Colleague: 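Mind having a look at this structure? Questions to follow.
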Amino acid sequence: MSNVSKQPPVGPATGGIGASAIHDSAAKHVSGAAVYIDDMPELPGTLHAAIVKSARPHARIVKIDPAAALAMPGVAGFVSAADIPGANDIAPILSGEPCLAEGVVEYHGQPLGAVAAETFEQARDAAKAVAVAYEDLEPVLSIETALKAKSFVSAPQEMKSGDCAGNLARAKNRLKGRITCGGQDHFYLEGQIALAVPQEDRDMQVFSSTQHPSEVQHGVAHLLGLNSSDVTVEVRRMGGGFGGKESHPTIIAGIAALLADRLRRPVKLRLSRDDDMIVTGKRHDFIIDYDVGFDDDGVIAALDMTFAARAGNVADLSPPVVTRALCHADNCYYIPHAHFRGYACKTNTVSNTAFRGFGGPQGMVGIEGVMDAIAGAIGARPETVRRRNFYGIGSRDRTPYGQKVEDNIIPALVDQVEKDARLAERRAEIDAYNRKSAVIKKGIAMMPVKFGISFNLPALNQAGALVHLYTDGSIHLNHGGTEMGQGLFVKVAQVVAQIFGVGLDRVKISATRTDKVPNTSATAASTGSDVNGMAAQEAAMTIRNRLVAFLAQEYAVPESSVSFADGMVRVGQNDLSLGDVAQMAWRSRISLSATGYYRTPKIHWNPKTMQGRPFYYFAYGACVSEVALDTLTGESRVLRTDIVHDVGASLNPAVDKGQIEGGFVQGMGWMTMEELWWDESGTLRTHAPSTYKIPGSRDVPPVFNVHILQNSPNRERTVYRSKAVGEPPLMLALSVWLALRDAVGSLAGHRLPVNLDPPATAEAVLDAVEDLMRRAAKRAAE
Ligand code: MTE
Ligand code: LUZ
Ligand code: MOS
C-alpha cells in the first residue's frame with residue numbers, strides 16, 4: 001500500500017499544524033535545564049583539548065616540537081597532521097582540505113595540532129608551549145590582491161541571459177560603480193564543541209554541535225581510516241548555528257576524535273570565544289562591481305555584475321555561496337539582459353563559510369545598491385525605481401538563471417507593507433523634520449525580498465525520518481534535521497501530532513543521530529521543516545495507514561470510517577485511545593515503526609551554464625525601516641521597522657515570527673555594527689565581544705511591527721503548504737542600510753549619490769557624511 005496515496009489529515013488537533021505551539025525547549029532554554037554538549041555529565045577519564053594555532057598567515061611548517069608541552073602537568077598527548085591514521089581531508093564538497101595543517105599553514109589561527117590534558121586550562125597552557133618553526137611565504141590578504149593574481153579556490157562562475165553587452169551599449173543611461181560589503185561572525189551563543197568517546201574496537205561516538213551530523217561522521221571516518229558505519233554522531237541541540245556549524249564542526253570533531261582514538265579516552269574540544277572567532281570561518285565579505293544600463297524611468301535594460309568573495313584558505317562551501325549570490329543578484333527585479341560573474345577568491349585568511357542567506361544577502365546588497373544609484377541618477381525615490389523594476393506576473397518573469405518566477409506576490413506584499421508603514425506620509429514627515437533638524441537626520445527605505453528555497457545543489461534536497469509508535473500510544477520521532485533554536489523539532493512534531501490526531505505531549509522529540517537516519521544533508525538552506533517535515537509525515541502516514549487497514553478489517557467497517565482526532569481513534573461508532581489501538585495492532589503483529597523519505601520535486605541545475613530551476617519556490621518579504629543618525633558622531637538608531645513576511649500557510653506562527661524578528665536583527669547587526677578587521681599581518685583583531693559589536697536588546701527597533709502574510713498558502717505542495725522561514729528575513733534588514741543612505745543623502749537634498757557601503761558603522765556613516773558635504777560644497781562653488 002502506498003503511504004502517500006491518502007492525503008494527510010488537515011484540521012484542528014492540539015498542537016497540530018498551524019498552532020502557535022511553544023518551542024519544545026523554551027522553558028529549558030531560559031531556566032538553564034537544556035543540555036548542550038558542555039553540560040553533559042563527564043565520563044570518567046575525559047580529557048580536554050586545546051588547538052595549536054598557526055602564528056603566521058602563510059608559511060611552510062619547518063618543525064613542530066611538542067616536547068615542552070608534553071612535559072607540562074596533566075598533559076596526556078599531542079597530535080599533528082603526521083598522526084592522522086586516515087586521510088587528512090575534511091572538505092565538504094570538493095577535496096583536499098586539511099583538518100590539521102600539513103606542510104604549510106594558510107591562515108593565522110589555522111589549527112596545526114592539538115593537545116589533550118586533564119583540565120581545559122592545562123590543555124590551553126600546553127598548546128601555547130608547542131614550539132613551531134616557520135618559513136614565511138608571501139600571503140594574499142585581500143580580495144583585490146587575489147583577483148589580480150587570479151588566486152581562486154574554484155573555477156570562476158558565469159551566468160548570462162540575453163545580450164548584455166549590446167544592450168548596455170545601446171542603453172539610454174549607464175552607470176558604473178563598486179560596492180563592498182563586510183563579513184560577519186556567527187556569534188552563536190554556544191561556541192563550537194565536540195566530545196569524542198572511543199567505543200569497542202576502534203568505533204567512535206561523537207557528540208558534535210553540528211548542523212550536519214552526516215558530514216561529521218564522514219569526516220571523522222576519513223581521518224581515522226574507518227568506515228562510516230564505525231562512527232556515530234549525535235546532536236540533541238545547538239546553541240545557534242546560523243550556517244557556522246554546517247561544515248566547520250568537522251574540524252572540531254575531527255581533532256577531538258583523533259586525540260580520543262590515539263589516547264583511548266573521551267576527549268572534549270570546546271573552543272573559547274576568541275579561538276572560535278579566530279579558527280572558524282564567517283560570512284564572506286565581497287567586492288561587487290556593476291555596470292548598469294537603464295531608461296529615463298530607471299527601468300533596467302542590462303546589468304553586468306562581478307561578485308568577488310573572500311573564500312579564505314580553502315573552498316569549503318564558497319563555490320555554492322558564490323552561486324547563490326549570483327542567483328540573488330536579481331532579488332525582486334526583472335533584468336532582461338544580464339551578465340554575472342562570480343569569483344571565490346583564495347586568501348590567506350580563515351575559510352569563510354555558510355551564514356544565514358548563504359551569499360544571497362551579498363547578491364542583494366549588489367542589486368539594491370544599483371537601485372539606489374539609479375534612483376539618484378534619475379532623481380526619483382528609490383522605492384519608485386524598485387517598483388518599476390519588479391518581476392511581472394505572467395511576463396517579465398524570467399530570472400537570469402532561467403527559472404520563471406511563477407509565484408510572484410511582490411507587488412501585493414509591497415503594497416501592504418508600504419500601507420502599514422504609511423511610507424508616503426512618513427517620507428513627507430521626515431523631509432520636514434530634516435529641513436528643521438541641523439544635526440540629527442532621518443531616513444527611510446523599503447526593501448523587498450525574494451529568496452530561493454532549496455539547496456542550489458539538487459542532490460542535497462532529500463531527507464529521512466524514523467517514527468515509532470509504542471504500545472501505550474506514545475510516539476518516538478526522529479529525523480535527519482538538527483535543532484539550533486529555530487524551532488524545527490517542534491514543527492516536525494506538530495506534523496506527526498496532526499497525523500495521529502494527538503497532542504504534542506504524545507510525541508517524543510529525540511536527538512539527531514547518524515545511526516537512526518543516515519546520509520542526511522545539513523540542516524541548512526532553510527529547508528529543514530520542508531524536507532524533514534515531509535519525511536516525518538510519510539513515516540507517520542505509513543504507520544497510520546497500517547492502523548487504518550487493520551482497524552477497518554477488525555471492525556468490518558470501510559477504511560473511510562476510521563479517523564484520528566482529539567487524541568482518539570474513531571472506528572465507526574467506537575472511540576478508542578491510540579494506546580488501545582497500538583496494543584491491538586501489536587497483538588496482531590502489525591509493525592508500529594516506519595521510516596519516511598522525501599526528495600524535493602521539480603528542481604534541476606546545470607552548473608556549467610548556470611541555468612535551470614534551482615529553487616522549488618520562492619519565499620518573499622517586504623520591509624520598511626526608519627533611522628535617525630547623528631551627523632557629528634555618525635551614530636545611528638533604527639526608530640521603526642514594519643515587516644510583512646510570507647511563510648505560506650505557517651506551521652507555527654509563533655516560531656515563524658521569532659525567526660522573522662531574529663533574522664532581521666541579525667541582518668541589522670551585519671548591516672550596521674559588526675565589523676571584522678584583520679591587521680596587515682593577517683591577524684584577526686576583532687575576536688571577542690570587546691572589539692566585535694553585535695546588536696543588543698536596545699538595538700531592536702522600538703517600534704517593530706512584524707506581520708505574517710495571511711491567506712497565502714504555498715502554491716507548491718510543501719508540507720501543509722508552508723514555506724521556509726529561516727534565512728529570508730535576514731535580508732529585510734538591508735532596509736536599515738538603505739535608510740541610512742537615505743538619511744545621509746538628505747544632507748544634499750537627495751541630489752548626490754551617497755557613498756556608504758555596509759557595514760554602516762559610526763565611522764563609515766561619518767565618512768559618508770563628510771564625503772557628501774565635501775562634494776555638495778564643491779558643487780555649490782562651481
Ligand atoms: N534560528 C536560530 N534560533 N538559530 C540558528 O542557528 N540558523 C538559521 C535559521 N534560523 C538559525 C536560526 C539558518 S542559517 C538556517 S539555514 C535555518 O535556520 C536552518 O533551519 P531550518 O531549515 O529548520 O529553518
Ligand atoms: N546550497 C545552499 C548549499 O543553497 N545552501 C546551503 O546551505 C548549501 N550547503 C552546502 C552546499 N550547497
Ligand atoms: Mo543556513 S546558512 O543555510 O545554515
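Each ligand, and each atom within it, is numbered from 1 in the order the structure gives. From a predicted model like this one, the values you see are computed outputs, not experimental measurements.
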Colleague: Quick one: is the NZ or CZ of Arg273 closer than 6.0 Å to the six-membered ring centre of Phe187, and within 45° of its axis?
Modeller: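 Judged by the rule (NZ or CZ under 6.0 Å from the ring centre, within 45° of its axis), Arg273 counts as positioned above Phe187.
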Colleague: What I want to know is whether Gly241 and ligand 1 share at least one N or O pair that is separated by under 3.5 angstrom.
Modeller: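 The answer is yes, given that Gly241 and ligand 1 share an N or O pair closer than 3.5 Å.
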Colleague: Show the atoms of ligand 2 that are less than 4.0 angstrom away from any heavy atom in Ala524.
Modeller: 7 (O)
Colleague: Could you tell me which atoms of ligand 2, counted from 1 in the order shown, lie closer than 4.0 angstrom to a heavy atom of Pro320?
Modeller: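 Near Pro320, meaning under 4.0 Å from one of its heavy atoms, ligand 2 has 11 (C), 12 (N).
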Colleague: Enumerate the atoms of ligand 2 whose separation from the nearest heavy atom of Ala525 is less than 4.0 angstrom.
Modeller: 5 (N), 7 (O)
Colleague: Is Ala354 touching ligand 1 with its side chain, its backbone, both, or neither, if touching means heavy atoms under 4.0 Å apart?
Modeller: neither
Colleague: Out of Glu483, Met238, Gln659, Lys245, whose heavy atom is nearest to atom 12 (C) of ligand 1?
Modeller: Gln659
Colleague: Select one of side chain, backbone, both or neither to describe which atoms of Asp530 lie under 4.0 Å from any atom of ligand 1, heavy atoms only.
Modeller: neither
Colleague: Are Arg721 and Glu716 within salt-bridge range, i.e. N to O under 4.0 Å?
Modeller: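 Salt bridge: no.
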Colleague: With Arg613 as the cation and Trp605 as the aromatic partner, state whether NZ or CZ is under 6.0 Å from the six-membered ring centre and within 45° of the axis.
Modeller: no
Colleague: Below 4.0 angstrom from a heavy atom of Thr527, which ligand 1 atoms are there? Numbered from 1 as shown, please.
Modeller: 22 (O)
Colleague: Find out whether Phe340 and Tyr401 are in side-chain contact, i.e. whether some heavy atom of one side chain is under 4.5 Å from a heavy atom of the other.
Modeller: no
Colleague: Would a 4.5 Å heavy-atom cut-off, applied to side chains only, mark Ile509 and Arg236 as touching?
Modeller: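 Yes; the side chains approach each other to less than 4.5 Å.
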Colleague: Note the single closest protein heavy atom to atom 8 (C) of ligand 2, along with its residue, its atom name and the distance in Å.
Modeller: Phe358 CZ, 3.2 Å
Colleague: Can you sort out which atoms of ligand 1 are near Ala524, meaning under 4.0 Å from one of its heavy atoms?
Modeller: 16 (S)
Colleague: Could you tell me if any non-hydrogen atom of Gly240 lies under 4.0 Å from any atom of ligand 1?
Modeller: yes
Colleague: Write out the residue and atom name of the closest protein heavy atom to atom 8 (C) of ligand 1, then the distance separating them to 0.1 Å.
Modeller: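 For atom 8 (C) of ligand 1, the nearest protein heavy atom comes out as Arg356 NE, 3.8 Å.
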Colleague: Which atoms of ligand 2 have any heavy atom of Leu460 under 4.0 Å away?
Modeller: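 Those qualifying, in numeric order: 10 (C), 11 (C), 12 (N).
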Colleague: Provide the number and element of each atom of ligand 1 under 4.0 Å from a heavy atom of Ala525.
Modeller: 16 (S)
Colleague: For a 4.5 angstrom cut-off between non-hydrogen side-chain atoms, does Leu709 reach Tyr620?
Modeller: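 When only atoms from C-beta onward are counted, Tyr620 and Leu709 do not touch, as no gap falls below 4.5 Å.
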Colleague: Which residue holds the protein heavy atom closest to atom 22 (O) of ligand 1, what is that atom called, and what is the gap in Å?
Modeller: Gly528 N, 2.7 Å
Colleague: So what's ligand 3 close to, N/O to N/O, under 3.5 Å?
Modeller:
| from | atom 1 | to | atom 2 | distance (Å) |
| --- | --- | --- | --- | --- |
| ligand 3 | 3 (O) | Ala525 | N | 2.6 |
| ligand 3 | 3 (O) | Glu727 | OE2 | 3.2 |
| ligand 3 | 4 (O) | Gln211 | NE2 | 2.8 |
| ligand 3 | 4 (O) | Gly243 | N | 3.3 |

Colleague: Using distance alone, with no hydrogens and no angle criterion, decide if Arg599 and Gln462 have a side-chain donor and acceptor under 3.5 Å apart.
Modeller: no
Colleague: Would you say Ile603 and Phe615 make side-chain contact, with heavy atoms under 4.5 Å?
Modeller: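 Counting from C-beta outward, Ile603 and Phe615 never come under 4.5 Å.
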Colleague: If the contact criterion is a heavy-atom separation under 4.0 Å, does Ala724 count as touching ligand 1?
Modeller: no
Colleague: Distance only, no hydrogens: is a donor on one side chain within 3.5 Å (strictly under) of an acceptor on the other, for Thr520 and Ser214?
Modeller: yes
Colleague: Do Asp38 and Arg270 meet the salt-bridge criterion of a basic N to acidic O distance under 4.0 Å?
Modeller: yes
Colleague: Does a salt bridge link Arg356 with Glu727, judged by any charged N lying under 4.0 Å from a carboxylate O?
Modeller: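 Here Arg356 does not pair with Glu727 in a salt bridge, since their nearest N and O are not under 4.0 Å apart.
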Colleague: On the six-membered ring of Phe618, is Lys450 placed so that its NZ or CZ lies under 6.0 angstrom from the centre and within 45° of the ring axis?
Modeller: yes
Colleague: Within a distance under 4.0 Å of any heavy atom of Leu317, pick out the atoms of ligand 2 and give their elements.
Modeller: 10 (C)
Colleague: Please check if the distance between the ring centroids of His687 and Tyr692 is under 6.0 Å.
Modeller: no
Colleague: What atoms of ligand 1 come within less than 4.0 Å of a heavy atom belonging to Gly243?
Modeller: 14 (S)
Colleague: Any non-hydrogen side-chain atom of Thr323 less than 4.5 Å from a side-chain atom of Phe358?
Modeller: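 Side-chain contact under 4.5 Å: no.
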Colleague: What atoms of ligand 2 come within less than 4.0 Å of a heavy atom belonging to Asn456?
Modeller: 1 (N), 2 (C), 3 (C), 4 (O), 12 (N)
Colleague: Honestly, is Lys245 close enough over Tyr188, meaning NZ or CZ under 6.0 Å from the six-membered ring centre and within 45° of the axis?
Modeller: yes
Colleague: Short list, please: which atoms of ligand 2 are under 4.0 Å from a heavy atom of Glu246?
Modeller: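 This gives 6 (C), 7 (O), 8 (C), 9 (N), 10 (C) as the contact atoms.
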Colleague: Is there side-chain contact between Met305 and Ile367, with heavy atoms separated by less than 4.5 Å?
Modeller: yes
Colleague: Taking heavy atoms and a distance under 4.0 Å, where does Phe455 meet ligand 2: side chain, backbone, both or neither?
Modeller: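 Answer for Phe455: both.
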Colleague: Pairs of donor and acceptor atoms involving the side chains of residues 26-36, under 3.5 Å and at least two apart or interchain, shall be tabulated with distances.
Modeller:
| from | atom 1 | to | atom 2 | distance (Å) |
| --- | --- | --- | --- | --- |
| Ser31 | OG | Ala27 | O | 2.9 |
| Ser31 | OG | Ala33 | N | 3.4 |

Colleague: Evaluating non-hydrogen atoms only, which member of Gly658, Gly485, Gly239, Gly244 is closest to atom 3 (N) of ligand 1?
Modeller: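 That would be Gly485.
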Colleague: Counting heavy atoms only, name the option from Met484, Glu727, Gln211, Gln486 that's nearest to atom 4 (N) of ligand 1.
Modeller: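 Selected option, by shortest heavy-atom distance: Met484.
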Colleague: What protein heavy atom is closest to atom 17 (C) of ligand 1, reported as residue, atom name and distance in Å?
Modeller: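 Answer, as residue, atom name and distance: Gly726 CA, 4.0 Å.
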Colleague: Decide whether Asp656 and Ser650 meet the rule of one side-chain donor and one side-chain acceptor closer than 3.5 Å.
Modeller: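 A donor-acceptor contact under 3.5 Å links the two side chains.
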